[in-house]
> 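The following block contains the structure, expressed as structure tokens.
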Amino acid sequence: MSRDSNTRRRTPPGIFLIKSVRGKDWTLKSYRYIILLLTFIAYASYHASRKPSSIVKSVFYPESLKNSKVNPWPVGNVFIKEEEFVSFDRNRVESQGWYPFNQSDGTSKLGEIDVAFLACYSSGMYVAGHLGDTLDLRLFLTTGMIGSGIFVGLFGMGYFWNIHVFWFYLSMQMVAGLFQATGWPSVVAVVGNWFGKRKRGLIMGIWNAHTSVGNISGSLLAAAVLDYGWGWSFIVPGALIASAGVLVYLFLPAYPEDIGFCGVTDSSPNLESLCQAEEDRTQKGPVVKVEKSSGIKEGSGSRTGIGLFEACFIPGVIPFALCLFFSKLVAYTFLYWLPFYLSQTEIGGEYMSVKSAGNLSTLFDVGGIAGGILAGYISDKLNARATTAATFMLAAIPSMLLYRTYGSISRTINILLMVVAGLFVNGPYALITTAVSADLGTHSSLRGDSRALATVTAIIDGTGSVGAALGPLITGFLSSKGWDVVFIMLMVGALIASLLLSHLVIAEFTERSHKSVPSSHGQQTDEGNMVV
């Protein structure tokens, strides 16, 4: 009776209401779909709320913009009435920007805004990961999303309040970065709690499309309301993530145990039969009442986390964390500076508007979606996460070189090369932050009930976010010397990222060669696991 009351107490209120109305529970499979959908929406909204600053850069610092004589991409004036476009273009050319970002050091200040956000994001990640393993993940994630929405919106309110103080915008970004740090460790931990290791790379590769979907939707939203004042480009995505936070609070069960199912990542020998028995009970009609079993652990209240230093000694954590440092340095430079680069670069003999540049930059993330899915699928097939990530990073080097060299020939060539670059840049970034983090967070070296999903995710992504902070900051300074210098930095970063995984790549090849020899104690499966 006590356990039933604890389960009801942990059940999200929206699910509890629906179960009460339906009179029966959903199946384990249905809950997994709900988990994927809710965490997808949650983190897509996180990324959507990060995009406005890249869209409004050219509004803050417009001096070097060239007058565009073409209609906004992608389909001319279908999305924007012609007279509105003419008015916007005239305002853009005549505008003096937004003080203090319209001075000679404007790009440097914009880089400092980015690094302030990402520095707080990366430092907050380490604390957030440990808290995520010890606190209620649903409430923790909800708090982070609503807090992010508030401070992203406050940044935009600077337009309506006519604020021209640099420290106001800097502080808003810093606090927003701290709240944003709650997102990634939490959503990866939730998905890891609900899904086993089999085909994790493919599942998380598809699920990780939320990053690119969030970037695309954030860019389109921010660009769509830019005509009404740049403040709306922050307020609308801020409202979006706050609304998604309410949705998470109402409907997201962080652990299977929170709604009466067994922990699907536990190592109990009869775990799968326990889960199947519970699902069979669920399908029979009444709300499931799970009997207390030694194979079923308590949910949010009984989780024990591990320390940051202990998690660092899990094999593979440090190499992947350092690799992600350089991988995110490259990816986040594109995330924050690609729209600005497109508006400053002559493509096919023409310069495009701010809105067109924002819309066109979304195609980089379209390539990123394909890259994340492809990297996850290949790593599952080969059972080689490090080899896949290193290969993608090496392939990103020529793709970026081709984009810089030939992307200005025409808009069509620019689009094709941008998609290819997005595929190879975002593929390993997606793989490391999802499947690799979840694999290491449930590593066999962990003992007893200790869980490290959020902690390991925080270490890897937190280290990567330091690189994500440095990339845009360095770009702010290097862009004044020419974009060729920026692309050289990005290619060097991709090379270092791949080299950092060389030891793990050799280990994977060695392990694969050993496993190819038939074992006298077991049979080799196509997933690379021994069935005894």
Side-chain angles (χ1 to χ4, degrees), residues 43 46-47 49-51 53-54 110-133 140-141 143-145 147-148 151-152 155 169-189 208 211 214-215 241 307-309 311-312 317-337 425-426 428-434 436-437 440-441 452-477 489-490 493-494 496-497 500:
Y43 209 68
Y46 269 101
H47 263 262
S49 67
R50 297 176 194 173
K51 283 299 290 183
S53 62
S54 67
L110 291 170
E112 290 169 15
I113 287 287
D114 291 339
V115 78
F117 171 87
L118 292 167
C120 291
Y121 174 76
S122 58
S123 59
M125 185 80 71
Y126 297 103
V127 178
H130 183 67
L131 291 176
D133 278 329
F140 188 59
L141 187 58
T143 302
M145 295 177 74
S148 296
F151 283 94
V152 169
F155 189 103
Y169 298 105
L170 189 69
S171 60
M172 291 302 102
Q173 285 288 76
M174 291 174 69
V175 179
L178 289 174
F179 277 107
Q180 290 260 335
T182 62
W184 191 240
S186 299
V187 295
V188 172
N208 193 64
T211 298
N215 291 339
I241 188 174
L308 285 173
F309 291 105
C312 287
V317 168
I318 295 301
F320 275 114
L322 293 176
C323 173
L324 191 63
F325 175 95
F326 291 97
S327 178
K328 289 191 76 169
L329 182 150
V330 177
Y332 269 64
T333 298
F334 277 98
L335 174 69
Y336 280 96
W337 284 95
V425 168
N426 281 354
Y429 160 43
L431 179 66
I432 295 172
T433 55
T434 53
V436 170
S437 296
L440 297 177
L453 272 170
T455 302
V456 167
T457 302
I459 292 172
I460 293 177
D461 202 48
T463 304
S465 296
V466 176
L470 289 178
L473 175 66
I474 297 172
T475 301
F477 292 99
M489 175 197 73
L490 297 178
I496 296 174
L500 285 168

> Just by distance, do the side chain of W337 and the backbone of T475 share a donor-acceptor pair under 3.5 Å?
no
> Might you point out which heavy atoms bring A176 and S148 nearest each other, and give the distance in Å?
O-OG, 4.2 Å
> Work out which heavy atom in S122 is nearest to a heavy atom in G462; give both atom names and the distance.
CB-O, 3.4 Å
> Taking side chain as C-beta onward, heavy atoms only, is L141 less than 4.5 Å from V187?
yes
> Is the shortest heavy-atom distance from the side chain of N426 to the side chain of T211 under 4.5 Å?
no
> V317 and I459: which non-hydrogen atoms are nearest, and at how many Å?
CG1-CG2, 3.8 Å
> Assign the ring pair Y336 / Y332 to parallel, tilted or perpendicular, where the plane angle (0 to 90°) is split at 30° and 60°.
tilted
> So does C323 get a backbone contact from the side chain of S327, meaning a donor-acceptor N/O pair under 3.5 Å?
no
> For residues L329 and G471, report the shortest heavy-atom separation together with the two atoms involved.
CG-CA, 3.7 Å
> Under 4.5 Å between any side-chain heavy atoms of N215 and L335, yes or no?
yes
> Within the 4.5 Å heavy-atom criterion, are L178 and F151 side-chain neighbours or not?
no
> Carefully, step by step, assess T333 and L490 under the rule side-chain contact (heavy atoms from CB on, under 4.5 Å).
CA-CA 8 Å; T333 298; L490 297 178; 3.7 Å; yes
> So, do C120 and V175 sit near enough that their side-chain heavy atoms are less than 4.5 Å apart?
no
> Counting C-beta onward and ignoring hydrogens, is there a side-chain heavy-atom pair between V152 and I241 closer than 4.5 Å?
no
> List the atom of M125, the atom of S465, and the distance in Å for their closest heavy-atom pair.
CE-OG, 4.0 Å
> Can you check whether T463's main-chain N or O pairs, donor with acceptor, with K328's side chain at less than 3.5 Å?
no
> As a quick check of understanding, evaluate side-chain contact (heavy atoms from CB on, under 4.5 Å) for L473 and D114, giving each step before the final call.
CA-CA 7 Å; L473 175 66; D114 291 339; over 6 Å; no
> Go through it in stages, so that I can follow the logic: the residues are M174 and F117, the test is side-chain contact (heavy atoms from CB on, under 4.5 Å), and I'd like the CA-CA distance, side-chain angles, deciding distance and then a yes or no.
CA-CA 5 Å; M174 291 174 69; F117 171 87; over 6 Å; no
> Do you know the tightest heavy-atom contact between Y429 and A331?
CD2-CB, 4.0 Å
> So do the side chains of F179 and Y121 get within less than 4.5 Å of each other, counting heavy atoms only?
no
> Would you compute the distance between atom CG of L500 and atom CZ of F325 and round it to the nearest 0.5 angstrom?
10.0 Å
> Let's go through S53 and Q173 carefully: what are the C-alpha distance in whole Å and the side-chain angles of both, what is the deciding distance for side chain to side chain donor-acceptor pair (under 3.5 Å) to 0.1 Å, and is it a yes or a no?
CA-CA 10 Å; S53 62; Q173 285 288 76; 4.6 Å; no
